[in-house]
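Report on the following structure.
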Amino acid sequence: MSVAPVSVWRMSESERTRAAIQQYLDSLIKRDWTSFAAVLTEDVEYELPQTNERISGREKFVRFNAEYPGDWTLEVTRLLADGDTAAATFNLRLDEQDLVGIAFFQLTDGVIARVTDFWPEPYEPPAGREDLVERVPARTDRLSLG
């Protein structure tokens, strides 16, 4: 998704947030890693509470998505934006498995600084991404955006 520079200045903060998240999701679906990286801060943090994993940094986060194993498709079902925060729900088809997920986003200066991805239940992460993630202690504030 491309937004003309003049129109960006006329958008409210919530509209700019929504546009950034829409670009993130559209580029993820299309596997357009250049466009995907463009809406992330250099030090973006990505957390998966169910696997107790955290990815720090744009390069690792882009690689994590580009190298994600299996045949997957993503369908966004809802996108809400308020100020510099947003939430999205989506259906994911991974190989033959159907999953529902929710992601919370925090933006800084119009780009994504933090993503927390929730999946239906805890699971062990797939092998092969140990060089991209660190295992962190389980969070007790599972629904916190902070």
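Start at 1 with the first residue, then count along the sequence.
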CG of D82: more than 12 outside heavy atoms within 6.0 angstrom? no
For a quick test of reading the model, state the closest non-hydrogen atom pair linking L94 to G70 and the distance between them. CD1-CA, 4.2 Å
When you look at D131 and R63, which way does the salt bridge (Lys or Arg N to Asp or Glu O under 4.0 Å) test go after all the steps? CA-CA 10 Å; D131 61 324; R63 275 192 50 215; 3.0 Å; yes
Counting only heavy atoms not in D95, do more than 12 sit closer than 6.0 Å to its CG atom? yes
Looking at R78 and T89, would you say the former's side chain and the latter's main chain have a donor-acceptor pair under 3.5 Å? no
R58 (side chain) donor-acceptor with V44 (main chain) under 3.5 angstrom: no
Between A38 and V111 the two heavy atoms that sit nearest each other are O-CG1, 4.1 Å
Checking N65 side chain against F61 main chain: does a donor-acceptor pair fall under 3.5 Å? yes
L48/F64 under side chain to side chain contact (heavy atoms under 4.5 Å, CB included): CA gap, chis, key distance, verdict: CA-CA 12 Å; L48 289 150; F64 172 84; 3.9 Å; yes
Do L92 and Y24 sit in the same hydrophobic cluster, where Ile, Leu, Val, Met, Phe, Trp and Tyr count as joined when their side-chain heavy atoms come under 4.5 Å apart? yes
Quick one: pull up CD in Q23 and CZ in F36 and give me the separation to the nearest 0.5 Å. 10.5 Å
Can you tell if the side chain of I29 reaches within under 4.5 Å of the side chain of T73, non-hydrogen atoms only? no
Spacing of T41 atom OG1 and I112 atom CD1 [to the nearest 0.5 Å]: 9.0 Å
Quick check on the hydrophobic clustering: are V62 and I21 connected, directly or via other members, by side-chain heavy-atom contacts under 4.5 Å? yes
Hey, could you give me the CZ/OG distance between R18 and S14, rounded to the nearest 0.5 Å? 10.5 Å
Can you tell me if T17 uses its side chain to pair, donor with acceptor, with the backbone of T85 under 3.5 Å? no
Donor-acceptor check, side chain of E45 to backbone of S56, threshold 3.5 angstrom: yes or no? no
Report, as yes or no, whether the 6.0 Å neighbourhood of atom CD on E59 holds more than 12 heavy atoms from other residues, nucleotides or ligands. no
Identify whether F118 and L80 are in the same connected component of the hydrophobic contact network (ILVMFWY, side-chain heavy atoms under 4.5 Å). no
Short side-chain to backbone donor-acceptor contact, Q22 and A20, under 3.5 Å: no
Work out which heavy atom in K60 is nearest to a heavy atom in L132; give both atom names and the distance. CD-O, 3.6 Å
Hey, is the main chain of E47 close enough, under 3.5 Å, to the side chain of T116 for a donor-acceptor pair? no
Side chains of D84 and T108: closer than 4.5 Å at any heavy-atom pair? no
Linking I/L/V/M/F/W/Y whenever any side-chain heavy atoms sit under 4.5 Å apart, do W33 and L74 land together? yes
Cation-pi check for W72 against R31: NZ or CZ below 6.0 Å from the six-membered ring centre and within 45 degrees of the axis, yes or no? yes
Rounded to the nearest 0.5 Å, the CG atom of D117 sits from the CD1 atom of I55 at a distance of 9.5 Å
Kindly work out whether a path of hydrophobic side-chain contacts (I/L/V/M/F/W/Y, heavy atoms less than 4.5 Å apart) joins Y68 to V100. no
